Engineer: 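Here it is: the structure, laid out below.
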Amino acid sequence: MTMQDRDHKTATRDPHTMVGVLGGMGPDATVTFMQRVIDATPAEDDIDHVHLLVDNNPKVPSRIKALIDGDGESPGPAIAEMARRLERAGAAFLVMPCNTAHYYWQDAQDAVDIPVWHIVERTLDAVAERRPGARVGMLCSPALRKIGLYEGFVEARGLSLVYPEDEGAVLEVIRAVKRGEGRHPDTLAAFARAADHLKARGADVLVLACTELSVIDDALDGALPVVDSVRVLAEQVVAAAEGVEPVTP
């Protein structure tokens, strides 16, 4: 592209789309999502990137305490208030790069008049497109299985789910990433073992259904195809911001 073409593009491009991000669950996962958006954007200059309006709020009550331990404050009201703030600030639609927090997706959607995307549906759509009829190996927080977050969406897509035998070990990997210890050799080894166990249990594809695990996705050896929910979300955000995909929930 010549300098003249660049100036013409800058002068005539449509008004940009501002994307609101319900972040901080956790902070590293939010930053990873933002980097995935940058990586997925076909940019030659700053102006070509997606305008992200990020509420990186680590003070949202713990999803683990609320859903697994059963003694924590509900994150729903905090998530709803974040959604309202982002809408007031001018976001065209909202995304939430945290799978478990989608238990409270309705709280966010009810709080605003703009679409709130659903990471689970978009992730499973990507799996169904790439691996029709797959048995999906779930690398996720045990909370997802407890609340059946993915179960409500698999049948319509012709998919089935399989979970690790030792879900506690996966939870410890997630907690290690939250502590900043995601690159510790023991953490990476436990993550790889969980993936191997899912393959042994008949998984055809692995889904990274916890955004903390997306932070260390390069630790997997590639023995099975991997669909990363964060990467799916980021690529679709770029497409919507560029006007290629519709802005729908």
Side-chain angles (χ1 to χ4, degrees), residues 21-39 52 54-69 72 75 78-79 82 95-105 117-120 122-124 126-127 136-147 149-150 161 163-164 166-198 205-221 224 226-235 237:
V21 181
L22 297 152
M25 300 174 279
D28 275 346
T30 303
V31 172
T32 296
F33 166 74
M34 294 169 68
Q35 187 63 56
R36 296 277 196 274
V37 171
I38 292 170
D39 293 343
L52 296 177
V54 183
D55 190 346
N56 195 20
N57 180 11
K59 305 306 182 185
V60 175
S62 168
R63 283 68 61 205
I64 291 174
K65 287 185 177 297
L67 297 174
I68 297 180
D69 299 341
I79 290 171
M82 291 166 68
V95 297
M96 186 159 49
C98 174
N99 280 260
T100 307
H102 277 69
Y103 184 75
Y104 306 98
W105 173 85
W117 283 13
H118 202 295
I119 197 171
V120 175
R122 290 172 179 272
T123 299
L124 290 176
V127 174
V136 180
M138 297 290 291
L139 288 166
C140 61
S141 163
L144 258 69
R145 185 175 190 176
K146 181 176 180 179
I147 62 180
L149 191 62
Y150 270 67
L161 305 179
Y163 290 88
D166 190 352
E167 292 180 295
V170 179
L171 180 59
E172 182 50 38
V173 171
I174 293 167
R175 284 175 164 156
V177 174
K178 288 182 179 293
R179 291 194 302 268
E181 299 173 0
R183 294 292 170 184
H184 190 283
D186 290 345
T187 301
L188 298 178
F191 186 33
R193 280 196 301 273
D196 289 342
H197 290 162
L198 286 169
V205 59
L206 300 176
V207 164
L208 301 187
C210 175
T211 48
E212 260 71 42
L213 300 179
S214 301
V215 176
I216 54 171
D217 66 336
D218 57 346
L220 299 178
D221 64 7
L224 285 177
V226 176
V227 175
D228 177 5
S229 60
V230 169
R231 194 177 302 277
V232 169
L233 190 65
E235 290 173 351
V237 161

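The structure presented is a predicted model; accordingly, all values stated were derived computationally and were not measured. Heavy-atom basis, side chains included; hydrogens, waters and symmetry copies ignored.
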Engineer: Please find the pair of heavy atoms, one from Pro164 and one from Val170, that lie closest to each other, and give the distance.
Structural biologist: CG-CG2, 3.9 Å

Engineer: Would you confirm whether Thr30, through its side chain, and Gly24, through its main-chain N or O, come within 3.5 Å as a donor-acceptor pair?
Structural biologist: yes

Engineer: The test is side chain to side chain contact (heavy atoms under 4.5 Å, CB included); show your working for Val54 and Phe33 and say whether it passes.
Structural biologist: CA-CA 11 Å; Val54 183; Phe33 166 74; over 6 Å; no

Engineer: Considering non-hydrogen atoms only, spot the tightest contact between Met138 and Tyr150 and give its length.
Structural biologist: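 So the two residues come closest at CE-CG, 3.5 Å.
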
Engineer: When you measure from the side chain of Arg63 to the backbone N and O of Pro61, does any donor-acceptor pair fall under 3.5 Å?
Structural biologist: yes

Engineer: Which atoms form the tightest heavy-atom contact between Leu139 and Ala195, and what is the distance?
Structural biologist: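 Closest approach of Leu139 to Ala195, heavy atoms only: CD2-N, 4.2 Å.
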
Engineer: Taking side chain to side chain donor-acceptor pair (under 3.5 Å) as the definition, give me every residue that meets it alongside Asp186, ordered by chain and number, with sequence neighbours left out.
Structural biologist: none

Engineer: Are the side chain of His102 and the backbone N or O of Ile119 linked by a donor-acceptor pair below 3.5 Å?
Structural biologist: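 A pair under 3.5 Å: yes.
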
Engineer: Locate the shortest heavy-atom distance separating Val227 from Ala126; write the atom from each residue and the value.
Structural biologist: CG1-CB, 4.4 Å

Engineer: I want to check something: taking the side chain as every heavy atom from C-beta on, are Met34 and Val21 in contact at a cut-off of under 4.5 Å?
Structural biologist: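 No; the side chains remain at least 4.5 Å from each other.
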
Engineer: Tell me which one of Leu124, Leu213, Val127, Thr123 satisfies side chain to side chain contact (heavy atoms under 4.5 Å, CB included) with Ser229.
Structural biologist: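 Considering Leu124, Leu213, Val127, Thr123, a side chain to side chain contact (heavy atoms under 4.5 Å, CB included) with Ser229 is found only for Thr123.
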
Engineer: Apply salt bridge (charged side-chain N to carboxylate O under 4.0 Å, His left out) to Asp28 and Arg179, showing your working.
Structural biologist: CA-CA 10 Å; Asp28 275 346; Arg179 291 194 302 268; over 6 Å; no

Engineer: Working to the nearest 0.5 Å, report the span between CG of Leu220 and CZ of Phe191.
Structural biologist: 4.0 Å

Engineer: Determine the minimum heavy-atom distance between Tyr163 and Leu198, stating which atoms define it.
Structural biologist: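 Answer, listing the atom of Tyr163 first, then Leu198: C-CD2, 3.4 Å.
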
Engineer: Taking side chain as C-beta onward, heavy atoms only, is Leu144 less than 4.5 Å from Val120?
Structural biologist: no

Engineer: Hey, is Arg122 close enough to Glu235 for a salt bridge, meaning N to O under 4.0 Å?
Structural biologist: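 Not counted as a salt bridge, because no side-chain N and carboxylate O are separated by less than 4.0 Å.
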
Engineer: May I ask you to decide if Lys178's main-chain N or O and Glu212's side chain share a donor-acceptor pair within less than 3.5 Å?
Structural biologist: no

Engineer: Where the side chain of Thr187 meets the backbone of Glu181, is there a donor-acceptor pair that is under 3.5 Å apart?
Structural biologist: yes

Engineer: Look at the side chain of Asp55 and the backbone N and O of Met82, then say whether any donor-acceptor pair between them is shorter than 3.5 Å.
Structural biologist: no

Engineer: Heavy atoms only: give me the nearest Asp218-Arg183 pair and the separation to one decimal.
Structural biologist: OD1-NH1, 2.9 Å

Engineer: Are Thr100 and Cys210 packed together at the side-chain level, in the sense that at least one heavy-atom pair is separated by less than 4.5 angstrom?
Structural biologist: no

Engineer: Taking it one step at a time, do Met96 and His118 satisfy side chain to side chain contact (heavy atoms under 4.5 Å, CB included)?
Structural biologist: CA-CA 8 Å; Met96 186 159 49; His118 202 295; over 6 Å; no

Engineer: So, do Val205 and Leu224 sit near enough that their side-chain heavy atoms are less than 4.5 Å apart?
Structural biologist: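 No; the side chains remain at least 4.5 Å from each other.
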
Engineer: Looking at Leu208, Thr211, Val207, Val230, which hits side chain to side chain contact (heavy atoms under 4.5 Å, CB included) with Asn99?
Structural biologist: Thr211

Engineer: Are Arg175 and Ile64 packed together at the side-chain level, in the sense that at least one heavy-atom pair is separated by less than 4.5 angstrom?
Structural biologist: yes

Engineer: Starting at SG of Cys98, measure out to OH of Tyr104 and round the result to the nearest 0.5 Å.
Structural biologist: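 Cys98 SG to Tyr104 OH: 10.0 Å, rounded to 0.5 Å.
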
Engineer: Could you give the distance from CG (Leu206) to CG (Asp217), rounded to the nearest 0.5 Å?
Structural biologist: 11.5 Å

Engineer: More than 12 heavy atoms of other residues, nucleotides or ligands under 6.0 Å from NZ of Lys146: is that the case?
Structural biologist: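 Buried by this count: over 12 neighbours within 6.0 Å.
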
Engineer: Would you call Asp166-Arg193 a salt bridge at under 4.0 Å N-O?
Structural biologist: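 Looking at Asp166 and Arg193, the cut-off is not met.
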
Engineer: Would you confirm whether Arg36, through its side chain, and Ser214, through its main-chain N or O, come within 3.5 Å as a donor-acceptor pair?
Structural biologist: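 Checking the backbone N and O of Ser214 against the side chain of Arg36, a donor-acceptor pair under 3.5 Å is found.
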
Engineer: Using the rule given for side chain to side chain contact (heavy atoms under 4.5 Å, CB included), can you reason through Val237 versus Trp117, listing the C-alpha separation, both sets of side-chain angles and the distance that settles it, and then say yes or no?
Structural biologist: CA-CA 10 Å; Val237 161; Trp117 283 13; 3.8 Å; yes

